[in-house]
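All of these numbers come straight from a predicted model, not from anything done at the bench. Start at 1 and go down the list; that is how both ligands and their atoms are numbered.
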Amino acid sequence: MTRRAIVRGVGHYLPERIVPNSFFEDLVDTSDEWIRTRSGIERRHFAAEGETTSQMAVKAAQAALENAGMQVKDIDAIIVATTTPDLTFPSTATMVQHGLGMERGFAFDVQAVCAGFVFALVNANALIATGQANRILVIGAETFSRLLDMTDRSTCVLFGDGAGALILEAHAGTGTNEDRGILASDLNSDGRDRDMLFVDGGPSTTGTTGVVKMLGNQLFRRAVERLTETARHSLGKAGLSDNDIDWIVPHQANIRIIKGTAKKMGIPMERVIVTVQDHGNTSAASIPLALSVAQSEGKIKRGDLVLTEAIGGGLAWGSVVLRW
Ligand code: UT7
């Protein structure tokens, strides 16, 4: 028997306020046309004043619990992937634990920026595989709008807020790649590229929160290369190839990166989940948001082979192959 972590439920939450590209035309020298053609983004959601990452995460978690037909008491652990915590500490995950009314188990955050959800999934899988937990809420949640410099056109137009949640549950598998659940994963980071995407503040340096700085063009080229590489590594570990994939659910940073990676892998865009037009780049929230939207639209179905991949600040990147 192999302990597999299977997906039992998925849900998401998006803040009410939708911000169209035209909003930025009054702030910086940009246009709806530039944003659409260079990034694929048409709109994004921004959290309301006072709305926090943990509040959004709680709503996404509640949607996932409902989707799974589970209650909070069924959950053993919560992992929140976020770069925009409510406070420097305690973890956003413990705030979510409290917000859900969960009085046992454990909760912690994972910080790998846009790759955070992939890192969180791999951690959750390890906890389930080793018997530390049977059911884990894995959440990606961000209020990235709070890190934006609204005078920097090269970054402010790209990001959005939101939260997505997945419930993983221990399941007896056979150990073959026909099993449901997480089949393989691949994680990487390279701190030499830390200046490509970073926030220029923090508790031990400036004592401020800081704003996003990005060398978009360099990161763009690195992204397609690294994402294709990590996808192939995960698939190889699972004994599968590009042709076996039913759905790629990529990090939603830029439609051109998504298309470039799919093309390199020979996967037609009909088999790629794309939400970047509606959400912008929501960092660690983008993959669970895309998974939730895709399931609610009836695209991803039980038994489908799903590949998720992401890259972000660090640089940190990775992928997970799972059977839904
Ligand atoms: O989630 C983590 C991972 N993130 C990413 O992977 C992001 C990767 N990078 C990207 O998505 C793209 O590089 C961007 C969308 C950020 C930029 O697209 P690009 O095609 O790489 O443009 P560029 O940075 O080479 O800039 C081209 C031009 C520049 O003007 P000049 O120097 O050619 O005169 C920029 O100043 O576009 C200018 N520009 C803008 N123009 C209008 C940059 N931002 C804007 C803007 N509106 N918002």
At the 4.0 Å heavy-atom cut-off, does Leu197 count as touching ligand 1?
-> yes
Flag [X] as yes when one of its N or O atoms lies below 3.5 Å from any N or O atom of ligand 1, and as no otherwise.
| X | value |
| --- | --- |
| Ser39 | no |
| Arg38 | yes |
| Gly216 | yes |

Cation-pi check, Arg43 to Phe24: give yes when NZ or CZ is under 6.0 Å from the six-membered ring centre and within 45° of the ring axis, no otherwise.
->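 Judged by the rule (NZ or CZ under 6.0 Å from the ring centre, within 45° of its axis), Arg43 is not positioned above Phe24.
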Answer yes if the side chains of [X] and [Y] hold a donor-acceptor pair under 3.5 Å, and no otherwise.
| X | Y | answer |
| --- | --- | --- |
| Thr208 | Thr206 | yes |
| Arg44 | Asn281 | no |
| Asp32 | Ser22 | no |

Region of [X] engaging ligand 1 - heavy atom pairs below 4.0 Å:
| X | result |
| --- | --- |
| Thr30 | both |
| Ile257 | side chain |
| Thr155 | neither |
| Asp29 | backbone |
| Asn217 | both |

May I ask you to list the atoms of ligand 1 that are less than 4.0 angstrom from any heavy atom of [X]?
| X | value |
| --- | --- |
| Val157 | 48 (N) |
| Cys114 | 1 (O), 2 (C) |
| Leu158 | 16 (C) |
| His251 | 1 (O), 2 (C) |

Kindly check if the number of other-residue, nucleotide or ligand heavy atoms within 6.0 Å of CZ (Arg104) is above 12?
-> yes
Show your reasoning for whether side-chain hydrogen bond (donor to acceptor under 3.5 Å, both in side chains) applies to Glu309 and Thr230.
-> CA-CA 8 Å; Glu309 28 93 336; Thr230 183; over 6 Å; no
[atom] [closest protein heavy-atom partner, distance rounded to 0.1 Å]:
| atom | result |
| --- | --- |
| atom 1 (O) of ligand 1 | Asn281 ND2, 2.6 Å |
| atom 14 (C) of ligand 1 | Asn254 ND2, 4.2 Å |
| atom 18 (O) of ligand 1 | Arg256 NH1, 3.8 Å |
| atom 4 (N) of ligand 1 | Leu219 CD2, 3.5 Å |

Kindly indicate, with the supporting measurements, whether the criterion side-chain hydrogen bond (donor to acceptor under 3.5 Å, both in side chains) is fulfilled by Asp186 and Ser234.
-> CA-CA 5 Å; Asp186 177 61; Ser234 281; 5.2 Å; no
Given the options Leu307, Val272, Thr308, Asp304, Trp247 meets side chain to side chain contact (heavy atoms under 4.5 Å, CB included) only with Asp304
Check whether any side-chain N or O of [X] sits under 3.5 Å from a backbone N or O of [Y] as a donor-acceptor pair, and report yes or no.
| X | Y | value |
| --- | --- | --- |
| Glu169 | Arg135 | no |
| Asp244 | Leu240 | no |
| Thr82 | Thr84 | yes |

Which of the listed options, Phe220, Phe159, Trp34, holds the heavy atom that is closest to atom 17 (C) of ligand 1?
->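 Considering heavy atoms of Phe220, Phe159, Trp34, the nearest to atom 17 (C) of ligand 1 sits in Trp34.
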A student comparing Arg153, Glu25, Met214, Gln218 should find that the heavy atom closest to atom 48 (N) of ligand 1 comes from Arg153
Would you call the rings of Phe144 and Phe159 parallel, tilted or perpendicular if under 30° counts as parallel and over 60° as perpendicular?
-> parallel
Is there a protein heavy atom at a distance of less than 4.0 Å from atom 12 (C) of ligand 1?
->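 So atom 12 (C) of ligand 1 has protein heavy-atom neighbours under 4.0 Å.
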Do protein heavy atoms approach atom 28 (C) of ligand 1 to less than 4.0 Å?
-> no
